[in-house]
Amino acid sequence: MTESLDSERMASWRAYIEASQRLFTQLEEDLRADCGLTFADYHVLVLLSEAPGQRLRMGELASRLVFSPSRLTYQVSSMQRRGLVARQSCPQDRRGSEAVLTAAGLLALREAAPGHLTSVRRHLMDDLDDAEVATLTRVFERLGRRLRADRDASSTLSD
């Protein structure tokens with residue numbers, strides 16, 4: 001019985017990984033073709049646009065992106081050369097630095113966002129088969145329940 005459950009779980013995870021890899025590959029291809037951004041560029045721009053003052057400390061940005069510090073440094077440097085972000089010293093910590101969204105970065109995000117949302121809808125609806133959609137739906141529902149429970153637990157603790 002346990003063996004059957006384990007193999008079912010493994011098959012489910014394998015299906016999730018394959019479906020998400022296909023989806024993210026297609027989304028990145030669309031972003032590059034439409035506006036010259038990578039998926040990582042887009043994610044950095046979104047996070048900075050939602051941050052107070054449109055700036056985040058590099059450590060906070062790395063933790064939200066699940067990037068290693070060296071990978072983030074490379075990513076931000078690449079975006080800085082293209083004028084999408086600026087890097088400034090952090091007023092609270094002289095040793096640290098912040099990534100700051102530039103006007104060009106905000107414009108790139110505004111231009112990319114509608115096409116990206118359309119691309120997400122198109123690929124989710126047209127390119128994934130029913131089994132892949134069902135697998136992704138189950139995983140995201142589980143994740144949503146877990147995030148809501150964590151948020152409720154943290155709000156209860158802070159009250």
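Excluded from the calculations below are hydrogen atoms, water molecules and symmetry mates; all remaining heavy atoms, backbone and side chain alike, are included. We count residues from 1, following the sequence as given.
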Below 4.5 Å, heavy atoms only, C-beta onward: do Leu37 and Arg32 meet side chain to side chain?
-> no
Can you check whether Ala86's main-chain N or O pairs, donor with acceptor, with Thr102's side chain at less than 3.5 Å?
-> no
Heavy-atom closest pair (Leu48 atom, Leu56 atom, distance to 0.1 Å) is CD2-N, 3.7 Å
Mark yes or no for whether Thr73, through its side chain, and Pro69, through its backbone, hold a donor-acceptor pair below 3.5 Å.
-> yes
Any donor-acceptor N/O pair, Ser78 side chain to Tyr74 backbone, under 3.5 Å | no
Within 6.0 angstrom of Arg110 CZ, more than 12 heavy atoms from elsewhere | no
Salt bridge (Lys or Arg N to Asp or Glu O under 4.0 Å) contacts in which one or both residues fall within residues 12-26, not counting sequence neighbours = Arg22-Glu132
Please check if any side-chain donor atom of Arg55 sits under 3.5 Å from a side-chain acceptor atom of Gln88, or the reverse.
-> yes
Using salt bridge (charged side-chain N to carboxylate O under 4.0 Å, His left out) as the criterion, list what pairs up with Arg87, not counting sequence neighbours.
-> none
How far apart are the closest heavy atoms of Ala99 and Leu61, and which atoms are they?
-> CB-CD2, 3.9 Å
Can you name the nearest heavy-atom pair linking Ala108 to Leu84, along with the distance?
-> CB-CD2, 3.8 Å
Heavy-atom pair with the smallest gap, counting every atom of Gln75 and Ala40 = OE1-CB, 3.5 Å
With sequence neighbours excluded, what pairs up with Phe24 under the ring-ring contact (aromatic ring centres under 6.0 Å, His included) test?
-> Phe39
Closest non-hydrogen atom pair, Met58 against Leu72 = O-CD2, 3.1 Å
Nearest-0.5 Å distance that lies between atom CZ in Arg122 and atom CG in Leu27 = 9.0 Å
Closest non-hydrogen atoms of Gly83 and Ala104, given as atom of the first, atom of the second and distance, are O-CB, 3.4 Å
